[in-house]
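Since the structure comes first, as structure tokens, the remarks are kept for the end.
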Amino acid sequence: MAIADDLKKTLTDPTPLYFAAGTADLAVQQAKKVPDLIEQLRAEAPARIEAVKNTDPKAVQEAVTAKFNEVLGAIDPKKLGETAQDLALRGVGVAAEYAVRAKETYDKVAVHGEQAVRNWRGDVSAEIVDIAVAVEPEAGAEPVSEPVAEAAADEKPVAKKPAARKSTAKKATVTADDAS
């Protein structure tokens, strides 16, 4: 039954849908910024292209070679094993940190999506609904318009039978008697 409960919980959880709605809403917000970015790139492109054209390929090659030699010179074969182990442990820590950040971001986007869905629907905020429920009386608790004395005179009191209770102790004794 645990699998069925997990499946039911998964299928009824709206969080992934809110995450999708939040992602779509954020994408729309970012897409609105694209025309400004294109205009900025259009303004900066001639200067960048000119800078690339004026760059000496031999100077770039010398700079890359110098940096490569610097990196190779810094490697110590004796400390290579320790460094690899240290990097592996750091990698595990970083992966765990990223997993936590991903969950937090997922939750934030899902909350944003829930709010976006409410805005799209035009729903009233949940706080106002909670206040309205607290202030309004319950629908089933309507005041009685007839006086109690008149109602008692018109109707005969009906004795109610108490609901029969089934006891597992009685069942156990009955089944024990049946078994012998």
For Q61, does the CD atom have more than 12 heavy-atom neighbours from other residues, nucleotides or ligands under 6.0 Å away?
no
Rounded to the nearest 0.5 Å, what separates atom [atom1] in [X] from atom [atom2] in [Y]?
X	Y	atom1	atom2	result
F19	K108	CZ	NZ	13.0 Å
I38	K33	CD1	NZ	14.5 Å
E62	D56	CD	CG	8.0 Å
T65	K67	OG1	NZ	13.0 Å
R42	L37	CZ	CG	12.5 Å
Q115	N119	CD	CG	5.0 Å

Does [X] pair with [Y] as a salt bridge, N-O distance under 4.0 Å?
X	Y	answer
D13	K9	no
E104	R101	no
D107	K103	yes

With a 4.5 Å heavy-atom cut-off, do Y18 and V117 have their side chains touching?
yes
Would you say H112 and Q29 make side-chain contact, with heavy atoms under 4.5 Å?
yes
Following the transitive rule for hydrophobic clusters with a side-chain heavy-atom cut-off under 4.5 Å over Ile, Leu, Val, Met, Phe, Trp and Tyr, establish whether V111 and L17 coincide in one cluster.
no
